[in-house]
Number of protein chains: 2
Amino acid sequence: MAESTAKPPAKNSAKTSAKSRRGGRASKSGTKSPKLGMTESGKRVTSYDVARVAGVSQSAVSRCFKPGASVSKKMRDKVMTVAKELGFQPNAIARSLITRRSNMVAVIINNLTNLNYPELLVQLSRRFDERHVHVLLFTLEHESDVDKMLDQVWQYQVDGVISAARLSEEQVSFFEERGVPLVFYNRSFQDFPVSAICCNQEEGERLLVNKLHGAGHRNFAVISGPADSVVSNQRTQGALNRLKELGVTKVPVEEGDYGYDSGRIAFRHLMSKRKPPDAILCANDVMAIGCMDAARHEFGLKIPEDVSVVGFDGTSTGAWASYRLTTIDQPLEIMAEAAVNMLMERVENPELPPEKRTFSGVFLEGESAQL
Amino acid sequence: MAESTAKPPAKNSAKTSAKSRRGGRASKSGTKSPKLGMTESGKRVTSYDVARVAGVSQSAVSRCFKPGASVSKKMRDKVMTVAKELGFQPNAIARSLITRRSNMVAVIINNLTNLNYPELLVQLSRRFDERHVHVLLFTLEHESDVDKMLDQVWQYQVDGVISAARLSEEQVSFFEERGVPLVFYNRSFQDFPVSAICCNQEEGERLLVNKLHGAGHRNFAVISGPADSVVSNQRTQGALNRLKELGVTKVPVEEGDYGYDSGRIAFRHLMSKRKPPDAILCANDVMAIGCMDAARHEFGLKIPEDVSVVGFDGTSTGAWASYRLTTIDQPLEIMAEAAVNMLMERVENPELPPEKRTFSGVFLEGESAQL
DNA sequence: TTGTAGGCGTTATCAA
DNA sequence: TTGATAACGCCTACAA
């Protein structure tokens, strides 16, 4: 075991020859190495380099960078000094390989012009950062790309996944089978247990209907989002269901795509009906804004006198003085926080069963509806 | 060197004992392993598992997943079949360790409510994805966090960095010393060679000034962004410089924070001057919108009759019917594409010298200014 | 074309 | 508390 013949040569020959790279304790005081974090041979400084210069074992170096490890103060000082001197930082990739924790989570969003996602992303990123977890971003162009993307996510050995995109049951199983915690953001399954953070879309929409109906509106219309958007369907159904309960039927539904222009176009369509609506429920704020602009600028209508318009989301643009949109505010920050918590709990403890947390939206009274 | 005593046993003992995990060729036809991608002992399927089941060497498996490797069709079929059967995907972390390429790039943005960044992020992510490169997101809360963040970036061994946040000269050197390619987005240094993709802020602003001045405006004001924003300073200075050249001096400058409210507040301040402006240059679209709203709703002014307002960015909101903002459109998609290209070129060939590409903004005529 | 064996830079396990 | 040594899962000469 101590015969310095067979084993050592291979690994050590490199290390030994490397010993001359950086003369012992290169710096007396000011002779700092020119390239911090790099050896003279142009390679990344490793814990071996630090160990050599500090005259300790490599494992000692490793321990010094592990919080709560058993190291003497003397050792720690010595190692940390050299580490700083050489610009050493442990390689997270190598660490991930052995610990099986990458400290990375995947965030999946689809590329729709959902004015909310960008903000969500920033919120998530901030909160993960606080926990020293990093966000690996996956944006979907088309739903069909999902499977390839899932493979990528798996390859990168992420600790968990937050998905603001819909996944099929098989795709959910993909992660479940592999023991990768998954938390949905604003999507869920009824017939399949998954963890999710949601805003209660239906409830919010019902609230809006109640307000409008209570104010005497009877002539409703709905502008939905894209047909394949779960959130849009929930909102639209929420509105229609409540209206039905209140005895209002035959409510025209125009399909939009969440974008400004589609709101305008939908409004035009509604105005071409034999009985134009006096209250319009839009599946998001941006379409509501498009709707208002069409009403005012194309039809010369006054809002809310001639027609009431409400949205959903609580985006900052809705509050602009030109719109003062009445809407439901999704508590985005709270939801982001909750999503991060829920995911990290499951990363720490994979046995936790799926859980859903549903937040109510907050009614935001603007001036776009007669109430 | 060939004494089979010391070395082999250790490694092989594990592999051999593992051989019993999955009975040879588990599936005859339908007996699929319950958990795809996982061995029966609950570990991730590795290339060794595939090799064992397929009855080939591990390196053969590895080669089959390397595009353009020298493998017989028979071998490839055999391996790929088993791989699919077991749900094997190569571990990108392990691969990164040996190849020293993580196929991850860091994207650094600061958290300001810059309505453009989110969109930029989506664009970058899309384009990197196409190259099978993944985005590791870093958002800065405060400038002071930068250094900690840089260490993180380095630890994750990213192949390159795109920064839409300003970095100090030392911070730039950090990457340069370590051979990590860095491309700035809309920031640059004059006295330090770095790669960057920029929109020509100054030029755009001068264009706006020319148009306004040519239309007879003489009474200008500027609403700047935050004092520490490079882009804002470039825009503001561009405007002021051109105005000076045209003989217009004593131009009041109000400082905003890029947000809607700050545009409104700035407008109020301007109106309290003894000589209110008739042309206002705003450092971004959102402030211009705030400005317009204040003018209309707080002061009952007409735009552009009473006051001309122009912005900068070309955000979609600026085109909304209530604003029809005259502005400069930054070619975001083109810039994102260019940034990705520039970075990846340097990842492939680290010897490439720094390069700057500056795109001109496109004048977008709306109806918010008398021209 | 295929297999053998060494190394990438850590952490983890055990003696010392 | 410290130091040797074995993984982690892959890629890549080199040899067959």
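This is a predicted model, so every value here is computed, not measured. Below, chains carry the letters A, B, ... as their sequence lines are ordered, and counting in each starts from 1. Only this structure's heavy atoms are used, side chains among them; waters, hydrogens and symmetry mates stay out.
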For residues 92-103 of chain B, which residue pairs qualify under salt bridge (Lys or Arg N to Asp or Glu O under 4.0 Å), counting only residues two or more places apart or in two chains?
B/Arg101-B/Glu348
Send over the distance from [X] [atom1] to [N] [atom2], rounded to a whole Å.
X	N	atom1	atom2	result
A/Asn91	C/dT11	CG	P	9 Å
B/Lys74	C/dG3	NZ	P	10 Å
B/Lys78	C/dT2	NZ	P	8 Å
B/Arg101	D/dC10	CZ	P	19 Å

Would you say [N] has OP1 or OP2 under 4.0 Å from some side-chain N or O of [X]?
X	N	result
B/Ser47	D/dG9	no
A/Ser72	D/dT1	no
B/Ser57	C/dG3	yes
B/Arg100	C/dG9	yes

Checking contacts here: which listed nucleotide (C/dC8, D/dT1, C/dG3) is nearest the side-chain heavy atoms of B/Ala60?
C/dG3
Listed by chain and number, what are the salt bridge (Lys or Arg N to Asp or Glu O under 4.0 Å) partners of [X], not counting sequence neighbours?
X	answer
B/Lys73	B/Asp77
B/Arg63	none
B/Glu337	B/Arg127
B/Glu355	B/Arg346

Heavy-atom pair of closest approach, residues B/Pro354 and B/Val194
CB-C, 3.7 Å
Between protein and nucleotides 11-15 of chain D, what N or O pairs are separated by less than 3.5 Å?
unit_1, atom_1, unit_2, atom_2, d
D/dC11, OP1, B/Arg95, NE, 2.8
D/dC11, OP1, B/Arg95, NH2, 3.3
D/dC11, OP2, B/Ser62, OG, 2.4
D/dC11, N4, B/Gln58, OE1, 3.2
D/dT12, OP2, B/Lys66, NZ, 3.1

